[in-house]
Each structure stands twice: as structure tokens, then as C-alpha cells.
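Contents: one structure, followed by commentary.
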2 protein chains.
Amino acid sequence: MLSSANKYAIRSVLFLALYTNESKKIGAKEIADKLESPQPFLAKLLQQLTRDKLISSTKGPNGGFFLSKKNKENTIWDIIKSIEGAKKFDQCFLGLSKCSDEKPCPVHYIVSGFKEKILKEFKDKTISHFADEVKRTGKILSLKEFNVFND
Amino acid sequence: MLSSANKYAIRSVLFLALYTNESKKIGAKEIADKLESPQPFLAKLLQQLTRDKLISSTKGPNGGFFLSKKNKENTIWDIIKSIEGAKKFDQCFLGLSKCSDEKPCPVHYIVSGFKEKILKEFKDKTISHFADEVKRTGKILSLKEFNVFND
DNA sequence: AATAAAAAAGATGTTTTAGTCTTGTTTTTT
DNA sequence: AAAAAACAAGACTAAAACATCTTTTTTATT
């Protein structure tokens with residue numbers, strides 16, 4: 001459904017939403033380590049997200065990546081678009097370019113309702129919303145147990 | 001979600017379910033043509049499906065691929081397993097190997113119901129069921145309008 | 001001013017998926 | 001028996017996804 005690039009990217013943004021702000025930044029290396037993802041590959045993704053202003057960064061000592069308040073108002077859909085373009089997600093399950101409610105493929109109605117629902121959540125809910133939920137309900141971003149504030 | 005290989009394979013099997021039987025066979029070239037898929041690539045997939053007894057074939061003149069009655073009792077899930085193994089489908093949306101109802105990732109509950117329902121349909125409904133539905137409701141397998149019996 | 005720590009950018013390498021080509025085998029038809 | 005029509009099998013190639021490496025730029029600290 002999503003490329004690994006996208007998975008890493010989404011997890012990174014949520015991670016940044018939880019653990020950073022204008023005055024608390026985290027470097028690419030540490031993010032990669034905490035999320036157990038390949039460091040140089042993730043660095044590329046973070047660059048891309050920065051270019052599209054979905055995350056913020058500063059260079060130099062004590063620099064790093066962080067989420068501004070404005071960044072937190074973006075959505076998961078914005079991340080997906082930044083990393084691999086929106087197409088992927090919207091495609092027919094059986095690969096037919098013209099599959100639609102009017103001309104459905106054999107599995108169209110099995111899949112379409114749910115795709116819409118997921119898409120809606122990804123387009124409507126902000127990063128900040130997801131981050132709050134993770135905080136409240138203790139969802140996981142990695143298999144690694146970590147707590148940035150206790151390092 | 002599914003590889004192209006899988007998409008071609010599923011469409012092929014449904015195509016065969018609709019247009020073939022023990023005494024009416026269709027060759028790889030024609031299937032590829034009708035489904036608008038790369039011919040030698042599809043041929044490979046048909047071989048694989050034949051090996052796993054999800055479709056039937058005979059060699060020689062007037063040979064080709066077809067679906068026996070028994071073949072039609074298989075499911076889309078059987079095809080997916082034959083082509084790329086079942087793993088792909090069951091993975092966490094954000095790539096966490098241990099994501100579960102107990103330790104959910106941030107999007108787990110957005111996605112999990114969806115996945116389960118699709119999976120159930122793919123595991124329960126037979127090829128024959130899907131084929132009947134296509135016949136009844138005129139669903140599409142290709143952008144090409146075709147009618148094998150009128151060739 | 002020099003140094004060091006960080007991200008940015010671009011070139012390069014690897015693996016997987018997608019797709020093709022060639023040769024062999026089986027089977028029907030003549 | 002020969003020829004032709006199909007599938008079977010395996011080697012090969014191309015493209016995309018995944019990942020790394022090297023160099024440059026920026027900026028805080030000394």
C-alpha cells in the first residue's frame with residue numbers, strides 16, 4: 001500500500017510531533033536510531049519533507065529537525081504526497097486505470113468504501129491530532145522502547 | 001497493496017473463469033491481449049498458477065489455459081499466496097513488525113477493520129462466486145471491450 | 001578566525017520487481 | 001513420421017525502489 005519510504009516518513013513526522021518543538025530539535029541520526037530505520041535513507045526523506053515545508057530544520061551545532069506549530073497542522077496525506085505522489089493510493093486494486101463506481105472491477109465495492117474512509121482520515125486529521133492520540137493512548141512508533149527526555 | 005504480478009494473475013483467473021472450461025481453452029497470447037498485459041510476463045504467471053493447480057493447461061495445438069470446476073472453487077487469496085506469498089498483505093501499515101490490537105501503531109485502528117474485511121472476502125468467496133457476480137452485474141476485467149465468443 | 005556539528009545536495013551502489021528472450025517439451029494434425 | 005502449435009523452464013535485461021557515500025553549505029561555539 002505504502003512504500004517503505006512513506007512509512008519511515010510518516011513515523012518520523014509523528015515522532016517529531018511528539019518529541020520536538022522550536023527549541024528542542026533532534027538530529028537525523030537519532031531519529032533513524034529511535035525509529036530503527038536506515039540512517040542515510042531517512043536523511044534523504046527528511047530533506048524532502050523539509051523542502052516541502054512539512055518539517056523544519058536548522059543547520060549547524062545544536063541544529064536538527066523539529067516540527068513547528070504550523071507543521072503540525074499538516075496531514076498524513078500531505079506526507080504521502082510529498083514522498084511518492086498521491087497516485088499510488090488512489091489506484092484500482094486490480095490495476096485498471098478506468099475502474100470507477102460506474103465501471104467497477106470485480107473487487108471494486110469490496111475495497112472502495114474502506115479506501116475512502118482511510119483517505120478521509122488521512123486528509124482530515126492533522127499531525128497534531130495523531131500525536132495527541134498517541135500520547136493519550138500510548139500507541140507505538142517503533143519496537144524500541146524509548147523516551148527522548150530521559151536520554 | 002498488490003504487486004502488478006498479482007493484479008495480472010487475479011484478472012487472468014477471473015477471465016478464465018468467465019470464458020473457458022474443459023472444452024474451451026484460451027492461449028497465453030490471447031489472454032494477455034484481452035487483458036492488456038505484457039504477454040511473456042503473463043505467461044510466467046500462468047505457469048506459476050498452473051504449478052500450484054489454480055488453473056489448468058494443456059499443451060499442443062488447440063491447447064491453452066482453462067479453469068476446471070475444481071479450479072473455480074479456489075479463492076483470490078489462493079492466487080495471492082501463489083504469486084507473492086501471503087506476507088505482504090498482512091503487514092502493518094507503518095511497517096512495524098509487532099503492530100497489533102494490543103500494541104497498535106498510530107493508524108492501526110483506521111486500517112485494521114478494512115484489512116480484515118477485505119481479507120475475509122478474499123479468503124471466503126470462491127472464484128466461481130466472483131465470476132458469477134461479474135456476469136450478473138457487468139463488472140470489468142479490462143478497458144478493452146471484448147467478447148471471446150464472437151471472435 | 002578556526003573548528004566542529006549539523007543539514008543539503010548529488011553521485012553512486014544494491015536489491016527487488018517487472019518484463020523479455022531463447023530453448024525445450026508435449027501433443028495434435030496431416 | 002513430420003510439422004506446427006501450444007505450454008514449460010531457465011537465462012537474461014530493464015526499471016524502480018531502497019539505500020549508501022562523498023562533498024558542500026550553514027551556523028554555533030571556542
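Every chain is numbered from 1 and lettered A, B, ... according to where its sequence line falls, protein lines coming before strand lines. The analysis underlying the following values was restricted to heavy atoms, covering all of them including side chains, and did not include hydrogens, waters or symmetry mates.
The nearest whole Å value for the distance from the CD atom in A/Gln47 to the P atom in C/dG10 is 9 Å. Whole-Å rounding puts the A/Phe41 CZ to C/dT14 C1' distance at 12 Å. At whole-Å resolution of the value, CG in A/Leu42 and P in C/dA6 are 16 Å apart. We find that CG of A/Asn62 is positioned 11 Å from C1' of C/dA4, with the value rounded to whole Å. Between the C1' atom of C/dA7 and the CD atom of A/Gln48 lies a distance of 15 Å, rounded to the nearest Å.
Under the 4.5 Å side-chain heavy-atom criterion for grouping Ile, Leu, Val, Met, Phe, Trp and Tyr, A/Ile118 is connected to A/Leu2 within one hydrophobic cluster.
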Return all side-chain donor-acceptor pairs below 3.5 angstrom for residues 126-136 of chain B, not counting sequence neighbours, or 'none' if the list is empty.
{"residue": "B/Thr126", "atom": "OG1", "partner": "B/His129", "partner atom": "N", "Å": "3.0"}
{"residue": "B/Glu133", "atom": "OE1", "partner": "B/Lys139", "partner atom": "NZ", "Å": "3.3"}

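The side chain of B/Tyr8 places an N or O atom within less than 4.0 Å of a non-bridging phosphate oxygen (OP1 or OP2) of C/dG19.
Heavy atoms from other residues, nucleotides or ligands lying under 6.0 Å from NZ of B/Lys117 number more than 12. Counted within 6.0 Å of NZ on A/Lys123, heavy atoms from surrounding residues, nucleotides or ligands total more than 12; the atom is thus considered enclosed.
Bracketed by its first and final contacts, the part of DNA chain D lying under 4.0 Å from non-hydrogen atoms of chain A reaches from D/dA17 to D/dT29 in 5' to 3' order.
Contacts of B/Ala28 with the nucleic acid, taken as non-hydrogen atoms under 4.0 Å apart, involve only primed sugar atoms and P, OP1 or OP2.
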Checklist entry - side-chain contact (heavy atoms from CB on, under 4.5 Å) between B/Leu42 and B/Ser12: does it pass, once the steps are laid out? => result CA-CA 9 Å; B/Leu42 188 71; B/Ser12 297; 3.2 Å; yes
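Sorted by first then second residue, the ring-ring contact (aromatic ring centres under 6.0 Å, His included) pairs that include residues 26-63 of chain B, not counting sequence neighbours, are B/Tyr8-B/Phe41. Among pairs with a residue in residues 68-80 of chain A, those fulfilling salt bridge (charged side-chain N to carboxylate O under 4.0 Å, His left out) read A/Asp78-A/Lys81, at least two apart in sequence or across chains.
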Nucleotide N/O to protein N/O under 3.5 Å, stretch nucleotides 21-26 of chain C:
{"residue": "C/dT26", "atom": "O4'", "partner": "B/Lys59", "partner atom": "NZ", "Å": "3.4"}

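Checked against salt bridge (Lys or Arg N to Asp or Glu O under 4.0 Å), A/Lys125 has the following partners two or more places apart in sequence or in another chain: A/Glu121.
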